[in-house]
K.L.:
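Encoded as structure tokens, here's the structure I'll be asking about.
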Amino acid sequence: MGIYLNPGNAAFSEAVHSQIYVDKTELISYTNSVLATNQKNICVSRPRRFGKSITANMLAAYYSKGCQSDTLFKDRKISCSKDYKKYLNTYTTIFLNIQEFLSRSSNVEELIQRIRRSLMREIRREYPTIDFYDELDLTENMKEIYAETNEPFIIIIDEWDCIFREYAEDKAAQERYLDFLRDFLKDKAHIHLAYMTGILPIKKYGTHSALNMFDEFSMANPGVLAQYVGFTENEVRCLCSDYQMDLAEIKEWYDGYLFGNEEIYNPWSVINYISKGGIPQAYWVNTGKNEILEDVLEIATDDITERLYALLQGEPVIARIDQNVVYRSIAEDPANIYSLLLVAGYLKTPRKDLQADGSYLCEISIPNREIAAVYKNEILSHLLQIGAITRTTANKIAESLYANDYKKLQAAISEYMDKSISFYDGGAEGFYHGLMLGLIALMDNQYKIKSNRESGDGRYDISLIPRENRYPGIILELKWKNGLSADSLDTFADEALTQIDNMRYNSEMKQEGINDILKFGIAFSGKKVRVKTK
């Protein structure tokens with residue numbers, strides 16, 4: 001048994017013996033069916049914490065000659081397959097987690113050499129009688145092993161794409177890594193199966209299509225592997241029955257991914273929800289950096305900001321999804337953000353139509369409450385970072401909501417509107433949706449936020465309808481006009497406040513039994529702002 005060559009089954013054994021384990025071993029029936037065929041190259045792309053690594057560990061435990069795994073599989077679904085015993089622990093298996101090598105390397109060339117040296121050290125131990133021509137020529141040495149022993153290889157690579165996330169702007173480093181993988185994997189008769197997992201698509205990086213021999217099973221096109229990475233509806237239903245959990249609540253928080261006809265749940269979050277006694281929260285938030293979402297917010301155009309606002313309001317948005325999108329193209333073409341957000345798990349596609357160029361025209365939406373919470377968290381972090389809101393103001397709003405302190409809440413919202421409108425410049429196109437995204441990030445847990453933008457006449461009204469009776473209703477009337485003096489701005493703010501009463505903007509809330517209503521009249525001219533309240 002080695003570390004990388006013919007690894008053991010400890011990682012899969014740990015998963016099987018955990019408190020919660022869902023049997024995905026039927027995937028092996030598919031991989032067995034494509035061994036040593038033109039379909040032997042498989043890449044599964046899914047968001048982080050979606051079960052990719054457990055699946056890779058399962059395949060290593062099944063195929064590796066370095067362990068005996070019958071006790072782990074004999075009671076699993078795969079044991080009913082006619083080929084179960086035929087391939088169990090019969091292959092020379094190489095397992096690589098590229099993220100581990102990346103964390104120990106200062107550049108891509110060092111990473112490649114570390115992989116070669118690590119594998120060749122174990123290969124020399126396993127095959128001491130073979131006289132290798134070049135100790136570091138990994139590909140030729142594998143061919144030589146196959147020629148002398150007639151023993152083919154299975155290659156399993158986890159986190160194959162971490163290079164493209166770490167070196168997003170370094171095209172030369174990416175191409176060097178792709179050249180290594182191509183030399184390692186492409187057109188090799190001695191490899192009977194190559195199975196890779198990652199987040200980003202594999203198809204094409206610029207003009208460099210070094211790995212075009214792979215069949216990709218992606219978020220946009222999961223194919224026959226849809227049910228094997230992530231939890232299905234039936235699997236979650238069984239878990240809820242076993243652990244007496246609330247299926248409706250789990251569905252609201254962690255469901256929403258659609259892989260063909262399969263409704264898929266985030267497995268990491270479902271397991272955490274059950275393990276922690278049924279407490280709904282965004283468990284996915286702390287499992288890694290949300291760098292794609294961070295980058296989206298940094299380069300967001302007015303159109304992107306408007307669409308993000310619509311998505312957070314629960315409205316569907318139409319977007320083109322490119323299956324060949326690469327991470328670095330987010331800066332080159334901001335329209336690609338929707339493709340990247342989809343593969344990273346931030347969007348779902350309830351409806352999609354394949355186009356002649358291989359892209360999809362999709363209806364996109366946010367999958368569930370957990371992902372909406374991730375958006376709100378990242379939006380707030382971004383607004384704090386660029387200075388559109390201060391941490392003090394954000395804390396005041398949170399604390400006043402928690403304490404149900406109306407006066408403090410009134411002062412905090414006034415402070416936010418003053419700072420935010422001054423930052424964005426109220427006369428600039430797109431300021432309004434930036435303002436609204438901030439309100440959603442700060443207050444969406446407590447309020448349903450509705451708005452009415454009267455296009456062209458410089459007025460907007462915003463209603464924050466409390467989700468619970470203990471919070472007050474909030475109505476904001478915004479008025480804008482160019483070139484106002486300080487006195488005129490003051491009068492304009494009074495008019496906005498008076499208009500709330502004259503136009504009976506509070507009637508909808510009154511009908512819903514909300515009697516405590518905070519009212520804000522807000523006037524602005526460029527970066528000058530006046531806020532009046534009652």
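All values derive from a computational prediction rather than experimental measurement. All values below come from the heavy atoms of this structure, side chains included, with hydrogens, waters and symmetry mates left out.
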K.L.:
Please name the pair of heavy atoms, one in F50 and one in P47, separated by the smallest distance, quoted to 0.1 Å.
P.N.:
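Smallest heavy-atom distance, with atoms named: CB-O, 3.2 Å.
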K.L.:
E363: what forms a salt bridge (charged side-chain N to carboxylate O under 4.0 Å, His left out) with it, not counting sequence neighbours?
P.N.:
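Residues passing salt bridge (charged side-chain N to carboxylate O under 4.0 Å, His left out) with E363: R351.
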K.L.:
Give the minimum heavy-atom separation between K352 and C362, together with the two atoms involved.
P.N.:
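The pair with the smallest heavy-atom distance is CB-SG, 3.5 Å.
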K.L.:
Between the side chain of S79 and the main-chain N/O of D75, is any donor-acceptor distance below 3.5 Å?
P.N.:
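No, because the side chain of S79 does not come within donor-acceptor range (under 3.5 Å) of the backbone of D75.
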K.L.:
Are R104 and E110 close enough for a salt bridge, meaning some N to O gap below 4.0 Å?
P.N.:
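A salt bridge is absent here (no side-chain N lies under 4.0 Å from a carboxylate O).
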K.L.:
Do E262 and Y257 pair up side chain to side chain, a donor and an acceptor below 3.5 Å, judged on atom types alone?
P.N.:
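No, because no side-chain N or O of E262 sits under 3.5 Å from a partner of the opposite role on Y257.
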K.L.:
Would the distance check show the side chain of K40 and the main-chain N or O of I191 forming a donor-acceptor pair, the cut-off being under 3.5 Å?
P.N.:
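Yes: the side chain of K40 pairs with the backbone of I191.
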K.L.:
May I ask you to decide if D353's main-chain N or O and Q355's side chain share a donor-acceptor pair within less than 3.5 Å?
P.N.:
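Here the side-chain-to-backbone pair exists.
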K.L.:
Once side-chain hydrogen bond (donor to acceptor under 3.5 Å, both in side chains) is applied, do any residues pair with N272, and if so which ones, sequence neighbours excluded?
P.N.:
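Residues passing side-chain hydrogen bond (donor to acceptor under 3.5 Å, both in side chains) with N272: K276.
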K.L.:
Can you name the side-chain contact (heavy atoms from CB on, under 4.5 Å) partners of N32, sequence neighbours left out?
P.N.:
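With neighbours one apart ignored, the set is I28, L35, Y62, Y63, D83, Y87.
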K.L.:
In terms of ring plane angle, is the pair F12 and Y21 parallel, tilted or perpendicular, where the classes change at 30° and 60°?
P.N.:
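Perpendicular: the ring planes of F12 and Y21 meet at over 60°.
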K.L.:
Quick one: does any side-chain atom of S64 pair with a main-chain N or O of P7 as donor and acceptor, under 3.5 Å?
P.N.:
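Present.
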K.L.:
Provide the closest heavy-atom pair for M120 versus L138 in the form atom of the first, atom of the second, distance.
P.N.:
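Shortest heavy-atom contact: SD-CD1, 4.1 Å.
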K.L.:
Any luck finding a side-chain donor-acceptor pair between S359 and D357 under 3.5 Å?
P.N.:
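A donor-acceptor contact under 3.5 Å links the two side chains.
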K.L.:
Can you confirm whether the side chains of E159 and T197 place a donor and an acceptor under 3.5 Å from each other?
P.N.:
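Looking only at side-chain atoms, T197 and E159 do not form any donor-acceptor pair under 3.5 Å.
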K.L.:
Using a 3.5 Å distance criterion without hydrogens, assess whether the side chain of H382 forms a donor-acceptor pair with backbone atoms of E378.
P.N.:
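Not at all, since once roles are kept as given, no pair shorter than 3.5 Å links the two residues.
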K.L.:
With side chains defined as the heavy atoms from C-beta onward, is the minimum distance between Y273 and Q281 less than 4.5 Å?
P.N.:
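No - every pair of side-chain heavy atoms lies 4.5 Å or more apart.
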K.L.:
Go through the structure and list residues passing salt bridge (charged side-chain N to carboxylate O under 4.0 Å, His left out) with K376, not counting sequence neighbours.
P.N.:
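With neighbours one apart ignored, the set is D444.
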K.L.:
Would a distance-only check, ignoring hydrogens and angles, find a side-chain to backbone donor-acceptor pair under 3.5 Å from D161 to I199?
P.N.:
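Between the backbone of I199 and the side chain of D161 there is a qualifying donor-acceptor contact (under 3.5 Å).
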K.L.:
Not counting sequence neighbours, list each pair that qualifies as a salt bridge (Lys or Arg N to Asp or Glu O under 4.0 Å) and has a residue in residues 134-157.
P.N.:
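Matches after skipping sequence neighbours: K65-E151, R124-E135, E140-K143.
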K.L.:
Enumerate the salt bridge (Lys or Arg N to Asp or Glu O under 4.0 Å) contacts for residues 12-26, please, sequence neighbours excluded, ordered by first and then second residue.
P.N.:
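For residues 12-26: K24-E235.
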K.L.:
Give a yes or no on whether the backbone of F132 and the side-chain of N141 come within a donor-acceptor separation of less than 3.5 Å.
P.N.:
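Between the backbone of F132 and the side chain of N141 there is no qualifying donor-acceptor contact (under 3.5 Å).
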K.L.:
Look only at the side chain of S218 and the backbone of N221, and say whether a donor-acceptor pair between them is shorter than 3.5 Å.
P.N.:
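Yes, because the side chain of S218 sits within donor-acceptor range (under 3.5 Å) of the backbone of N221.
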K.L.:
State, to 0.1 Å, how close A226 and R46 come at their nearest heavy-atom pair, and which atoms those are.
P.N.:
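Looks like CA-NH2, 4.1 Å.
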K.L.:
Indicate the atoms forming the closest heavy-atom contact of L111 with S105, along with that distance.
P.N.:
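For L111 versus S105, the nearest heavy atoms are CA-OG, 3.3 Å.
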K.L.:
Can you find a side-chain donor-acceptor pair between Q227 and T232 that sits under 3.5 Å?
P.N.:
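Not at all, the side chains of Q227 and T232 share no donor-acceptor pair under 3.5 Å.
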K.L.:
Do you see a donor-acceptor pair shorter than 3.5 Å between the side chains of D322 and S339?
P.N.:
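Their side chains do not contain a donor-acceptor pair, so the 3.5 Å distance test is not met.
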K.L.:
Which pair of non-hydrogen atoms, one from I279 and one from Y254, has the smallest distance, and what is that distance?
P.N.:
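Looking at all heavy atoms of both residues, the closest pair is O-OH, 4.2 Å.
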K.L.:
Looking at D179 and R182, is there a salt bridge between them, counting it only when a charged N and a carboxylate O are closer than 4.0 Å?
P.N.:
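A salt bridge is present here (some side-chain N lies under 4.0 Å from a carboxylate O).
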K.L.:
Is the Lys NZ or Arg CZ of R48 less than 6.0 Å from the centre of W284's six-membered ring, within 45° of the axis?
P.N.:
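Verdict for W284: a cation-pi partner in R48.
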